[in-house]
Amino acid sequence: MLRLASSLALILIATAPSWAGELAKPAAEPILKVQGAITTMNDGETAAFDLSMLDALPQHTIKATTPWYDGEHEFSGVVIGDLLETLGASGESVTVTALNDYSAEIPMEDIKDYPVILATRVDGEELSVRDKGPLFVIYPFDEHPDLYNEVIFSRSVWQVASLTVH
Ligand SMILES: Nc1nc2c(c(=O)[nH]1)N[C@H]1C(S)=C(S)[C@@H](COP(=O)(O)O)O[C@H]1N2
Ligand SMILES: [Mo]
């Protein structure tokens, strides 16, 4: 019995990092860097993700009509709130910065109130940089028509490269 208990203890010690919030390093080219008020990193002060790491997180689909595409489309990707929870993030807002250095501030309220996603795909197809990829902030415009306004459009950053939590 003592032996069983000590081998169990060893197993727990050996597997500890996987539940202590360790983040593997990206195997492919990172497409997203998260920094600021986070507790889980994999590259200095940064948490870097390649596409397959983002795909490994819970996925969410938003069917929505947006100013950027004709008609209704299915956007899928990672819920920003889930991503931030994985990283032990805390703060008042998230600065979202794009490849072209455009940036916008998303209040943490939005992330708590709505399943805002970092879309990796539209209608099942990967978003190319040419088509506002690799990551596009999408709000659930159809379920919440009140979101369909200029303020939220300005937070709908496309070609997202990084998030800073503060
Ligand atoms: N990467 C990136 N995302 C961006 C912007 C930008 O300039 N670059 N402009 C924002 C603003 S202020 C608005 S109103 C909408 C405008 O999108 P549109 O120019 O395609 O109409 O996108 C938002 N997302
Ligand atoms: Mo705008």
Side-chain angles (χ1 to χ4, degrees), residues 23 26-38 40-87 89-166:
L23 187 66
E29 191 61 32
I31 57 171
L32 176 71
K33 293 190 172 180
V34 187
Q35 60 237 337
I38 57 174
T40 300
M41 302 89 157
N42 59 6
D43 180 19
E45 300 290 285
T46 299
F49 292 84
D50 62 19
L51 180 60
S52 63
M53 291 167 72
L54 293 176
D55 288 347
L57 293 168
Q59 300 292 298
H60 183 70
T61 298
I62 291 176
K63 219 180 202 176
T65 308
T66 66
W68 305 283
Y69 298 85
D70 283 335
E72 198 182 50
H73 292 271
E74 268 190 14
F75 299 89
S76 58
V78 180
V79 176
I80 296 176
D82 290 345
L83 175 71
L84 294 183
E85 200 178 302
T86 299
L87 299 178
S90 59
E92 297 300 310
S93 69
V94 181
T95 303
V96 183
T97 306
L99 292 169
N100 68 347
D101 284 338
Y102 172 83
S103 73
E105 204 77 17
I106 297 185
M108 213 54 99
E109 287 295 304
D110 284 12
I111 290 161
K112 285 181 185 134
D113 292 349
Y114 309 104
V116 184
I117 64 170
L118 269 180
T120 54
R121 290 172 181 78
V122 55
D123 302 323
E125 295 286 332
E126 272 175 38
L127 279 163
S128 63
V129 170
R130 181 178 294 195
D131 192 21
K132 301 196 188 300
L135 301 167
F136 193 160
V137 173
I138 298 287
Y139 280 74
F141 293 111
D142 287 11
E143 283 107 274
H144 303 277
D146 50 307
L147 292 173
Y148 204 85
N149 64 66
E150 272 296 324
V151 172
I152 300 300
F153 298 157
S154 75
R155 296 175 187 164
S156 302
V157 183
W158 65 80
Q159 293 181 335
V160 172
S162 70
L163 307 181
T164 306
V165 184
H166 48 93

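Just so it is clear, the model here is predicted, and its values are computed rather than measured. Whatever order the structure lists ligands and atoms in, that order sets their numbers, starting from 1.
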Notebook entry, point to check: Should the proximity of Asn100 to ligand 1, defined as any heavy atom under 4.0 Å, be assigned to the side chain, the backbone, both, or neither?
Noted result: side chain
Note to self: At less than 4.0 angstrom from any non-hydrogen atom of Ala98, what atoms of ligand 1 do you find?
What the structure shows: 1 (N)
Next item on the list: For the residue pair Phe141 and Tyr148, categorise the inter-ring angle as parallel (less than 30°), tilted (30 to 60°) or perpendicular (more than 60°).
Entry: perpendicular
Item checked: Nearest neighbour in protein (non-hydrogen) for atom 10 (C) of ligand 1 -> Tyr102 OH, 3.2 Å
Next item on the list: Indicate the ring-plane relationship of Phe136 and Trp68, choosing parallel, tilted or perpendicular according to the 30° and 60° boundaries.
Entry: perpendicular
Check: What atoms in ligand 1 come closer than 4.0 Å to a heavy atom of Glu150?
Finding: 14 (S)
Checklist line | Modelled atom types, side-chain donor and acceptor of Thr164 and Gln35, under 3.5 Å | finding: yes
Notebook entry, point to check: For atom 13 (C) of ligand 1, which candidate among Trp158, Phe153, Trp68, Tyr69 provides the closest heavy atom?
Noted result: Phe153
Next item on the list: Check whether more than 12 heavy atoms from other residues, nucleotides or ligands sit under 6.0 Å from atom CD of Glu72, and answer yes or no.
Entry: yes
Item checked: With Ile80, the side-chain contact (heavy atoms from CB on, under 4.5 Å) member among Val116, Asp110, Ile138 -> Val116
Margin query: Under 3.5 Å between any N/O of Ser156 and any N/O of ligand 1: does that happen in this structure?
Written below: yes
